Amino acid sequence: MTGAQPKVTLDLALDAGLTAEEYDRILSQLGREPTYAELGLFSALWSEHCAYKHSRVFLARLPQRGPHVLQGPGENAGVIDIGDGWAVVFKIESHNHPSFIEPFQGAATGVGGILRDIFTMGARPIAILDSLRFGELDNPKTLRLVNGVVSGISWYGNCFGCPTVGGEIAFAPEYAGNPLVNVMCVGLVRADQIVRARADGPGNPVFYVGNKTGRDGIHGATMASATFDEHAEERRPTVQVGDPFTEKLLLEACLEVMRTGAVVGIQDMGAAGLACCTSEMPARSGTGMDVELSRVPQRETGMTPYEILLSESQERMLLVAARGREEEVRRIFAKWELEAVEIGRVTEGGELTARLNGEVVARVPVDLLAEAPTYRKPTTEPSELAERRAFDPLTLPEPSDYGDALIDLLGSPTIASKEWAFRQYDQQVGINTVVLPGSDAAVLRVKGTRRALAVSTDGNGRQVFLDPRQGAAMAVCEAARNVCCSGAEPRGVTDCMNFGSPERPEILWQFSEAIEGISLACRALELPVVGGNVSFYNETSGQAILPTPIIGVVGVLDDASRRATQWFKGPGHRVALLGPASVSLGGSEYLWARHRRLAGRLASLDLEAERRVQRAVRAAVSAGLVTAAHDCSEGGVAVALAESCVTGCAVMGCEATLVTADRTDLALFGEGPSRVVIAVEAARVREFEGLMAESAISWRWIGTTGGERLVIRVGPKVVVDVDAGQLGRAWRSGFEAHMA
């Protein structure tokens, strides 16, 4: 239908996701009723997914500047200078709702979208990381979701030709009705060749490039800004369909045309599609845009202006070219067998004008579209939290056999090997991957230099649930610590904030506290937050997910040959535990896996101690003193030692002695921040001790590698004595056995 548009009413606006107050504001600002196409623009651009209406006031607290920052929040992705004329471009985003409705395409198009965010900045993507959360694996629906999501990620990344090198997968019942699919992408660009999403220069031509527009994904941004109920799967038509082979062509065409200097600005047609690009790009530049929708390449007949503007069909970009270089742009895209159609011009005056066959169907100030209302709604600490924190896990019975308890914990799906997922991913395409998935951080070489990048993602919903401020700060610290364990210096952060409905005061309190925790940790570690994503409304039938900020950290190794991995390399190496002694079973994986309890208090976090430990680990690795370095996180020091024994190519035993604690389970499985297990060759022990003496951190020798068993003493008593091969089998099969 291309004829008359429906008459806009308040009821229609409410159905489109706007509030009555927002509709009144539109009427007041326009001085008239909006057209149906204009209503579509407002419904998409003012959705929570696009506008961050409830989060912007909190996000302003995050540190966004630093000596290496070339581009902070507000663009397609953040950019950090890494030296030698190179910059790293990176961002993390969510595709949670689409992946629940249609797991394969939801996850696949999430990968496609984050790849486009990176190469629109002029960077070539070199790595993908995925951070996934699902319900428990005894639920057949969870198995279907895991299979679909992992297949979608691997299909898109493998076909496109970008390696998936890391991430994490965790399980909890709170994610059963709303899984999390967060995807991070990292790319490289020459520091003087960054391209931004701007529409500078009135008179410059506007090009539509890439795939044709269809009806898939219409209302995708609005769908992502709403909670689910039992009818969620009926929204499948709002999920886009991906085409990684076209995206690969689009990448090469975009990078080639950017190198010519003919590109003024470019933006991915992601959430809200053409509506978003035609308003946000001129809003950043103080210009306007005039587009003719009949020129937009379409793969379906009879599409209305509303549908053309709001379609979220994949693999499309809006490109502003320098006037006079139109043929150059067309020629390059034609070379790659892609559409490049001039659909409009940059204008003065600050208005978006959309026409269909010359007739104006929308005329709106771009600032009005781009500056949605912001809300500062009440926040309230959940009433149940005090009771949960007051619970003492040490009142629960201890295991009768700590060896069996360790085997069970290693085999729990959250801790167990994720090789079932990793082996579906091409990990080495592009031949940049130096450290494959399975260590604390992935490491990627920067070709033509001695440098490498280390990348990690982290987040612990249980810890954030019990203490949003400290739990979020600990997520920052752990992601940065993982990068340090590889030997790299953390340079920047991207975050994906996954929460329930912000219209609930207790959810908004979780979000506010988490932002404060991230801010405190980033300031202490001198890490700027250069971009990210907020994903609200992650709940189904009133059941919200665990509050889950996922933190991505990128670090730089000046010498790629001086790197460490987490597994023990040989017998006779001395093993040390770095960091403070403060641990707790509160919010631990052990407490949940063993007792099904989400309760207790977290161990204390000393950000200055964290900073010193990270610096000491980096110094030891860069000096070549460390043969293995592994962060202590889920499962405590016992699991960290076990993983160091079994995660390498060969199983290696270890004997270790831990200090006596109030309880043996606390000493073995208690979790706390700022702790790292490292291994040092016997001949380098004195050098290492000298370095530690200068570091001003707490540390102690706890054992020696060798043999075929993991033996752990707490004080003088042997409490764990298990064959390392048995530990390895439990770890390797714990997740995969469910998927088989």
Side-chain angles (χ1 to χ4, degrees), residues 77 80 82-84 86-92 111 114-115 118-119 123-132 150 153-169 182-189 244 247-248 251 255 417-458 479 482-492 494 552-567 569 621 627-631 643 647-649:
I80 296 286
I82 61 171
D84 290 328
W86 285 100
V88 58
V89 181
F90 60 103
K91 188 181 183 183
I92 188 168
V111 173
I114 197 67
L115 285 165
I118 299 308
F119 69 76
R124 181 173 292 276
I126 62 168
I128 296 165
L129 296 89
D130 51 12
S131 186
L132 312 177
V150 171
I153 290 169
S154 65
W155 173 72
Y156 205 103
N158 294 355
C159 294
F160 178 85
C162 187
T164 301
V165 299
E168 4 121 52
I169 309 176
N182 293 180
V183 184
M184 179 176 174
C185 186
V186 179
L188 285 172
V189 64
E247 179 131 326
K248 173 63 173 174
L251 160 76
L255 294 185
S417 168
K418 304 307 184 298
E419 186 179 350
W420 175 87
F422 289 149
R423 68 169 174 258
Q424 298 184 49
Y425 306 144
D426 190 329
Q427 305 161 16
Q428 293 178 296
V429 59
I431 60 173
N432 293 308
T433 313
V434 179
V435 175
L436 298 172
S439 194
D440 281 343
V443 179
L444 302 128
R445 65 172 56 85
V446 180
K447 291 174 184 172
T449 76
R450 297 174 62 197
R451 286 181 165 81
L453 301 176
V455 194
S456 181
T457 64
D458 207 270
N482 287 336
V483 165
C484 290
C485 284
S486 74
E489 177 191 18
R491 288 281 178 90
T494 181
V553 171
V554 175
V556 179
L557 290 96
D558 288 330
D559 184 350
S561 67
R562 289 289 178 92
R563 62 183 184 273
T565 49
Q566 70 182 40
W567 43 86
K569 307 299 188 297
V621 175
T627 59
H630 186 23
D631 165 48
E643 288 175 335
T647 54
C649 295

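The structure displayed is predicted, hence computed values, not measured ones. Counting from 1, the numbers follow the sequence of the chain as shown.
Note that CD of Q424 and NZ of K418 are 14.0 Å apart. Values are rounded to the nearest 0.5 Å. To the nearest 0.5 angstrom, R563 atom CZ is 8.0 Å from T565 atom OG1. Taking CG of L436 as the start and CD of E419 as the end, the distance is 11.0 Å to the nearest 0.5 Å. Going from atom OG1 of T164 over to atom CG of N158 covers 6.5 Å, rounded to the nearest 0.5 Å. In this structure, OG1 in T449 is found 10.5 Å from CG in L557, a value given to the nearest 0.5 Å. From S486, atom OG reaches atom CD of Q566 across 11.5 Å, with rounding to the nearest 0.5 Å.
Residues satisfying the side chain to side chain donor-acceptor pair (under 3.5 Å) test with Y156, not counting sequence neighbours, are E247, E315.
When side chains are defined from C-beta on, L251 counts as touching P125, because their heavy atoms get closer than 4.5 Å. Within the 4.5 Å cutoff, the side chain of N182 has no heavy atoms near those of the T457 side chain. In this structure, the side chains of I128 and Y425 stay at 4.5 Å or more apart for every pair of heavy atoms. In this structure, the side chains of V150 and W420 come closer than 4.5 Å at one or more pairs of heavy atoms. Contact of the F90 side chain with the I80 side chain is registered, since non-hydrogen atoms from C-beta on lie closer than 4.5 Å. In this structure, the side chains of D559 and R450 come closer than 4.5 Å at one or more pairs of heavy atoms. Contact check for V165 versus V455: no side-chain heavy atoms found under the 4.5 Å cut-off.
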Practice item. Output, in order, the C-alpha distance, side-chain angles, deciding distance and verdict of side chain to side chain contact (heavy atoms under 4.5 Å, CB included) for S456 and V553. Key: CA-CA 6 Å; S456 181; V553 171; 5.5 Å; no
Exercise for review: Take V556 and V88, measure what side chain to side chain contact (heavy atoms under 4.5 Å, CB included) needs, and give me the verdict at the end.
Suggested key: CA-CA 10 Å; V556 179; V88 58; 5.8 Å; no
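Side-chain atoms of T494 come within 3.5 Å of backbone N or O of I92 as a donor-acceptor pair. With hydrogens and angles ignored, the 3.5 Å screen pairs no side-chain donor or acceptor of D631 with any backbone N or O of V483. Looking at R451, its side chain does come within 3.5 Å of a backbone N or O of I82 through a donor-acceptor pair.
Across every non-hydrogen atom of P437 and G166, the tightest pair is CG-N, 4.2 Å. Contact record, K91 with I118: N-CD1, 4.0 Å, taken as the closest heavy-atom pair. Here the closest non-hydrogen pair linking A123 and L255 is O-CD2, 3.9 Å. Taking all atoms of both residues into account, the shortest heavy-atom contact from C485 to A564 is O-CB, 3.4 Å.
Residue R423 qualifies as enclosed at atom CZ: its count of foreign heavy atoms under 6.0 Å is above 12.
Sorted by first and then second residue, the side chain to side chain donor-acceptor pair (under 3.5 Å) pairs with a member in residues 426-447 read D440-H630; sequence neighbours excluded.
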